[in-house]
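Take a look at the structure below.
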Amino acid sequence: MDLDAPLTSLKGIGPKQAERLARLGLEHAHDLLLHLPLRFEDRTRLTPLARLRPGTAALFEGTVESTEIAHGRRRMLLVRLEDGGARVVLRFFHFGTAQQRSFAAGVRVRCFGEIRGLPGGLECVHPEYRILRGPPPPLESALTPVYPAAEGISQRLLRDLVGAALPEAQRLQDVLPELQKEGLPTLAEALRGLHQPAAPDAEAALLEPGSGNGRSAALTRLALEELCAHQLALMLNAGSRPQGRAPALKPGGSLWPRLLEDLPFTMTGAQERAIAEIRADLAREVPMNRLLQGDVGSGKTLVAVAAALTAIESGYQVAFMAPTELLARQHARNLAAWLDPLGIGLAWLGGRQRKSERETLLQGLAAGEQDLAVGTHALFQESVAFARLGLAIIDEQHRFGVHQRMALRDKGSGPVPHQLIMTATPIPRTLAMSLYADLDQSVLDERPPGRTPVKTALISSERRDEVIERIRVACGEGVQAYWVCPLVEESDVLEAEAAESTAERLHAALPHLRIERVHGRMKGNDRDAVMDAFRRGEIDLLVATTVIEVGVDVPNASLMIIENAERMGLSQLHQLRGRVGRGRRASACVLLYRPPLGEVARERLEAMRRTDNGFEIAEVDLKIRGPGEMLGTRQTGDRAYRVADWARDRDLMDAATRLAQQVLPDRQRTQTLIRRWLGSAVHYGSVG
Ligand code: ADP
Ligand code: MG
């Protein structure tokens, strides 16, 4: 295997598969080596059916006794296995006819999956399985890695791909030999140890931030290298910052005053300050590079509108980008409400759009007839050209990494556009310094008055029935509610399954409510349709995965239940909770946890109850996480780092910066590190 070759050069990887892999940050063979397991499974021994325990994952074998198609709200396939007088049911929500037939009575099956206890006995939902014909194959000799997966990408495929790349790890150039003097393993050793630990080391190899074992030397080695690569990219970028000229944008037209006149409220002091800072930047020919941080609901949109109007009044165009179609459409709607009355049209560029419509808009942008374009990544594709782009606004920055940020800046040929990046994920000041060394910052640390704070309760999942009763009463009074299911990073099928089966159980318990679900396995159009129906009030209870985390705005939704809250990062919980408390009604958030709750976990969730200040919550998270016990800040897709975790590895930041300063004069090493960790898609002036 050639480590620099694109994945499409591998057998069995077509363009479609390659696109899905790219969503995990996997484009070249060497990327596979940097795609580390989330955890490991033990398939080195078989567990007899009689000894299966709910809540644990196990490898087991049995003989098919019977199969059945059951019809709940959805069709599902139930396969009953028997062995030594004990039984377990396999449950499949997604299945084909051939699959169904393969489970003929008498057939022997070997499965791996998480066991659930139901009143009627044990079951296993969507196990990995193989039908055994002939003598049973040998058991695994080593632990089995579980990788972050994505839509349409199975664990099996990832294991095969990484397994094929691993023998080549030796050939990956170790450009940081100085780390060995510090007692850290070589790059190849670190990679091998993390992908295929010997059984006794598996605990130590666990990668989940704060999983209680501290950080292995192998992980430290990789995290340092990655942080160093990012620092290098920032240093080069900071060096290149004064280059290029931006248009000097000066307010002075009538648009903003007209908008202010119709504003139904007065701006907060923080909004006024941020707008003044941005205006001062825009007026200069040095390209603005500013991060606007502000908690959910702090009024970032209005600040963005002020910036946009400054550009438009000066005769320039504005591009406004959000990370998902859903959010981009919501922004388009909100912006239109401010801008329509001013006679400013808005071009919408999404991923799914009729070609003819798209072409007309593209022509309008290229001809300079359209002042404002709103959309997703689609905005920054090569086919999109602006006549005179003056300002790019990017929302929800935490979904993007340094590399994406830089790629955006290169858009367009003429003057360099100013850039305003907005994030609702508060970042403690200490951390922001090193994470965003290349950005100036404005902070909205004040909320508009008149909000009723969200009342937050901590409730054990053993009291789930009471919570369901509470939903019944609330929805009966016209409230809309969210039920958030936990993130399952290793499999979108299991995550979708959790949402589907939760919706089903809630439907059984609350038959009079209109219940729908949204998850990542649904088609984009279907997902949008459900969200729109929820927004229109046609759904009482929305069962969702964390896809609703960012930005979704439905004022009438004032109750939120979050399942397995103890497994989520505080910032993520804060984001989720920010979805309620947007209307006039008093809102409530129930954090359901699975007992027993450890001391640290309790302290973290208590912090959620105590405060709704995002900056405070972020500080608490940093302070008490240490050897915490939760999964943490990992977000699906688009995460900024592959290996490093900003909370877990913050102690490495200084060392990484020092390392980067040493490496920087060495062009070859710098280039290798940036290419390896930030991808070849990015062009860095002096590196490229
Ligand atoms: P976020 O920072 O989460 O993006 P938004 O910009 O969506 O927040 O603002 C949330 C809501 O608050 C919007 O309905 C907006 O119109 C309103 N809002 C913004 N600024 C103020 C203010 N100064 N006073 C009252 N309401 C405001
Ligand atoms: Mg917003």
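We number each residue from 1, following the sequence as shown. Read the numbers this way: they start at 1 and go in the same order the structure lists the ligands and their atoms.
Interatomic distance, L391 CG to L372 CG, rounded to the nearest 0.5 Å: 9.5 Å.
Nearest heavy-atom pair, V318 versus A311, reported as atom, atom and distance to 0.1 Å: CG2-CB, 3.6 Å. Heavy atoms only, all atoms of each residue included: T545 and A499 are closest at CG2-CB, 4.0 Å.
Close contacts of ligand 1 with T266, meaning ligand atoms under 4.0 Å from a residue heavy atom, involve 22 (C), 23 (N), 24 (N).
No N or O atom of W338 sits closer than 3.5 Å to an N or O atom of ligand 1. Close N/O approach between G299 and ligand 1 is found [any backbone or side-chain N/O within under 3.5 Å]. Some N or O of G297 is nearer than 3.5 Å to an N or O of ligand 1, by distance alone.
In M267, the part holding a heavy atom less than 4.0 Å from any atom of ligand 1 is the backbone. At a heavy-atom cutoff of 4.0 Å, ligand 1 is contacted by the side chain of Q271 but not by its backbone.
Two residues are said to be in side-chain contact when any heavy atoms from C-beta on lie closer than 4.5 Å; L309 and I344 meet this criterion. In this structure, the side chains of Y482 and F534 come closer than 4.5 Å at one or more pairs of heavy atoms.
No side-chain donor from either of S442 and R273 sits under 3.5 Å from a side-chain acceptor of the other.
Residue contact annotation: D295 has a non-hydrogen atom under 4.0 Å from ligand 1. Put simply, no part of L444 is less than 4.0 Å from ligand 1, judged by heavy atoms.
Annotation: R447, atom CZ; neighbour count of heavy atoms from other residues, nucleotides and ligands within 6.0 Å is above 12.
Considering each of L292, T301, T268, the one bringing a non-hydrogen atom nearest atom 6 (O) of ligand 1 is T301.
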